[in-house]
Structures are given as C-alpha cells and as structure tokens.
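I'd like to ask some things about the structure below.
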Amino acid sequence: MESATLAFLHKTFQQVQRMSDWKSALDTLFVSLRTSFVFDNVAIYLEDAHTKGLEVEYARAVGRGKTAEAEAAWGEGIASEVIAQGKQILADPAPEADPENRLAQAYLLGVPLYFGSNLRGALVFIRFGGPAYSTVHNQIACLQALWTTALIERRDLQEARAELDSVQRQMRLQDDFVSTITHELRTPLGFIKGYSTSLLREDAHWDEATQREFLSIIDEEADRLARLIEDMLESARLHSKTLPFKFAPIRVDALVRDVATRILARYTNMKFAFEFQPLPPINGDGKRLSQVFENLFNNAIKYAPGSEIIISGRVVENKILVTVADRGEGISQEYIPFLFERFYRVPGERTVTGTGLGLYICKQIILAHHGTIRVESALGKGTMFFIELPVDASD
Ligand code: ADP
C-alpha cells in the first residue's frame, strides 16, 4: 500500500480507538474509509448464540449524503452465505437485472467476522451501479472486518463490566441490608419489650395516662414492625414477579387525596398542596398505587422535614403525569442513578431510619402498570418525582 493510504488508515484507526461509544466508532470508521472505498450501505449481522438466527447489529446508509440507519434486509442472504462458507463472498448484480435501473445493479461484498477462531457473523457492503470491487477494496473490507470485531468485542466487554459492577453493587447492598434490617427490627422490638416489661412490673404502679402512653408506643412500634415485614415480603415478591395485581378503573387524583388524608391523620402539621387538572380514570391497582404515594409522602416527611409536599396531575398525550415535590435538602446527582435499586440508601449520616426498599417497591409497582417513575433533585432546593401512567394500564 502507498504511504499516503497507510497514513490515512493509521489516522482513522487512531481516531476510532479513542472513541468510547462503539456505534459512533463504527460510524467514524465507515464514513472515513469510504473516501478510499465507495459503498452505499453497510450492515453487520451477528448470529444469535441461542436461536442461531441472524441479528442486525448495525446498519448504515452512507451513500448520497444519507446518514440515517438503513434497512438491512438487503444483506441477509449474502451474510448467511458468508457464515455458511466461512469466507469472503462477492456478488455481482443478477444477469436479468434491469441495466437502466441503478438500484437493481447491486454489487455486494460480504466478509466473515471472526472473534478469535469463532465465526459469529458477517460484514456486508452494497454498492449500487458498480463498478465491481477491486482487490484493494477487498483488502480494505477485510481490515474493516477486523476493526469491526475489535469494536464489538470491546462493546461486549463494556457491557459485561457494567453488569458485573451492578451485580457487585447489589451484593454490597445486600450485605449492608443485613445490618440495616437487624437494626430496623431491633429498635421497635426494643421499645415493645421495654414498655411491656415496665407495664408488667409488679413493684411499679402506673397511672392510667402513663399506661395508655406506653400502650400506644407499643402499638405504634408493632405497626412499624408490621410495615417493615410487609415491605420485605412485598419487595421479594415484586423481585420474583409473584405479587398479584388487581386492575380496576381508578381516579388517581382521588386516590392521592385519600393517601394524603391518611398521612395527615398521623402527622397533623403536614402541608399538602394539590395542583390537579381533570384526569381521566386509569386502569390500575388502587391498593398498590396508594402504596407508591404513601412511600413518596413518607420519604418527603423523613428526608424533607417541615417541607410542604406539592402534588400535581395532568394529562400528557395518552398518559397521566403525576409529580410529587418537596422543598427539602435534595439528593446529590451522583446518587440519582441508583435510588430505585433494591436496598439502596444514599450513603452518609444515618440519622433517618429506612431499608432502601421504598423506592424499589414504587418503581416495580409503576412498571407493573406499564408506567415510568423518575426523579429530579437539586441540593438545597428539593426533590421531585415524576410518575407517568398510561390511561389504559391493564395487561
Ligand atoms: P429508605 O427511605 O428506606 O432509605 P427508599 O428506597 O425509600 O429507602 O429511598 C432511597 C433513598 O433515597 C433514601 O435513603 C434517601 O436517601 C433518598 N430519598 C428518597 N426520597 C427522598 C426525598 N424526598 N428527599 C431526599 N432524599 C430522598
């Protein structure tokens, strides 16, 4: 090869090597190499490890100023042939193809994609209206195939590493959870044991008001224990997808107000502000959706003490959008991606009790309604949860 070509290839490969996103790297590779090797469309086909069917991993139209992803059915035939034969294949237009119609004059070039000694797919180029591919084109296509496999392997590695990171984080969270839950179970049990032992003491006499006070503490702590156990069971059943849902027409605005009323009975100083536009009924599980709002309100009470809770509801396209906002301390951006993971709690001072199950449960319930939940937060300003639910949310 001439030194100009080598210098060009070197520059291109260096540029591609530095790109972290495999798709942009492939885009750059194909677009820049097209100056020495003209083609209209390119596609990468990989064999699915389980079904053995061909999957289009990447497709791009580069001819005539096109940049959008191309339909890739055109290359499936030659890709299967390349994989069956394990070698490069050139296919000229069919002899009966209309010579006047440029699009019928398809010149195909397919190159096998070897991952180590494993043949897993094919890289296919198509050029309309000729000329036929030269030897140099074939060599460049082989180089591109090598680079393509390197980029796909790098992508697979990145995905595997991300999955490993997530599994490791889950394992760490589970370890933390054991100590959290031990503490969370011990505290109410300690209260229950302490106050009931006091009441049972034969050498002490408690007036009626004190007895009632002790009993109501025991009652509250027993409720706390029950909620905790319920949360643990529920999150396990949501995790294994065995929690049953009962769908029926629901008015979310009425449901949210009911939950707020129940919270107000317990926290009389709480302030709620409602900004609801008329909402159509949705198909949902009332008990589970109530749980979502109860969790969000309880979190606002725990993590944004003293703040008003502002709830809005409106229709956006065929969905209803409900937001729950507080004006608390907010959450640092670095923790936002993990908030809905099971057992996740924002690290730091642990003055507020919790298990890290609440937001996980919320998310699973919303997903079961084919909806979405996300959060935005600004330190020192507050936190806002966005819930979108389709108007027809049944299965
Ligand atoms: P828990 O409250 O049991 O820790 P959650 O899953 O309900 O678990 O919440 C996860 C974390 O998200 C909490 O530990 C808390 O740090 C943070 N968080 C949730 N809601 C808010 C909020 N409204 N304001 C600030 N932080 C919040």
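Just so you know, ligand 1 is whichever comes first in the structure, and atom 1 is the first atom listed for that ligand.
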> Under 6.0 Å from the six-membered ring centre of F385 and within 45° of its axis: does the NZ or CZ of R374 meet both?
Replying inline: no
>> For S312 and T323, which I'm curious about, is there any donor-acceptor pair between the side chains at under 3.5 Å?
In response: yes
>> Centre-to-centre under 6.0 Å for Y360 and F340, is that the case here?
In response: no
>> Only heavy atoms of L339, strictly under 4.0 Å: list the atoms of ligand 1 that pass.
In response: 12 (O)
> Which atoms of ligand 1 have any heavy atom of T355 under 4.0 Å away?
Replying inline: 1 (P), 3 (O)
>> Please report whether the ring centroid of F30 lies less than 6.0 Å from that of Y58.
In response: yes
> Within a reach of under 6.0 Å around CD of E334, are more than 12 heavy atoms found that belong to other residues, nucleotides or ligands?
Replying inline: yes
> Does L359 approach ligand 1 within less than 4.0 angstrom via side chain, backbone, both or neither, non-hydrogen atoms only?
Replying inline: both
> Think R314 forms a cation-pi with F276, using NZ or CZ under 6.0 Å from the six-ring centre and within 45 degrees of its axis?
Replying inline: no
> What are the atoms of ligand 1, with element, lying closer than 4.0 Å to any heavy atom of K302?
Replying inline: 1 (P), 2 (O), 3 (O)
> What do we get for Y344 next to ligand 1 when only non-hydrogen atoms under 4.0 Å count, side chain, backbone, both or neither?
Replying inline: backbone
> CZ/F343 to CG/L173 distance, rounded to the nearest 0.5 angstrom?
Replying inline: 8.0 Å
> Would you call the rings of Y344 and F338 parallel, tilted or perpendicular, where under 30° means parallel and over 60° means perpendicular?
Replying inline: tilted
> Between G330 and ligand 1, is there a nitrogen or oxygen pair with a distance under 3.5 Å?
Replying inline: no
>> Side chain or backbone, does T353 bring an N or O within less than 3.5 Å of an N or O on ligand 1?
In response: no
> Is it true that Y107 and F125 have ring centroids separated by less than 6.0 Å?
Replying inline: no
> Would you say E329 contacts ligand 1, with heavy atoms under 4.0 Å as the rule?
Replying inline: no
>> Any nitrogen or oxygen of G356, side chain or backbone, less than 3.5 Å from one on ligand 1?
In response: yes
> So is Y360 polar-close to ligand 1, meaning N/O to N/O under 3.5 Å?
Replying inline: no
> G358 heavy atoms, cut-off 4.0 Å: which ligand 1 atoms fall inside?
Replying inline: 5 (P), 6 (O), 7 (O)
>> Show the atoms of ligand 1 that are less than 4.0 angstrom away from any heavy atom in R345.
In response: 1 (P), 4 (O), 14 (O)
>> Under 4.0 Å, heavy-atom basis, I'd like to know which part of I331 is in contact with ligand 1: side chain, backbone, both or neither.
In response: side chain
> Going by heavy atoms, is N295 under 4.0 Å from ligand 1?
Replying inline: no
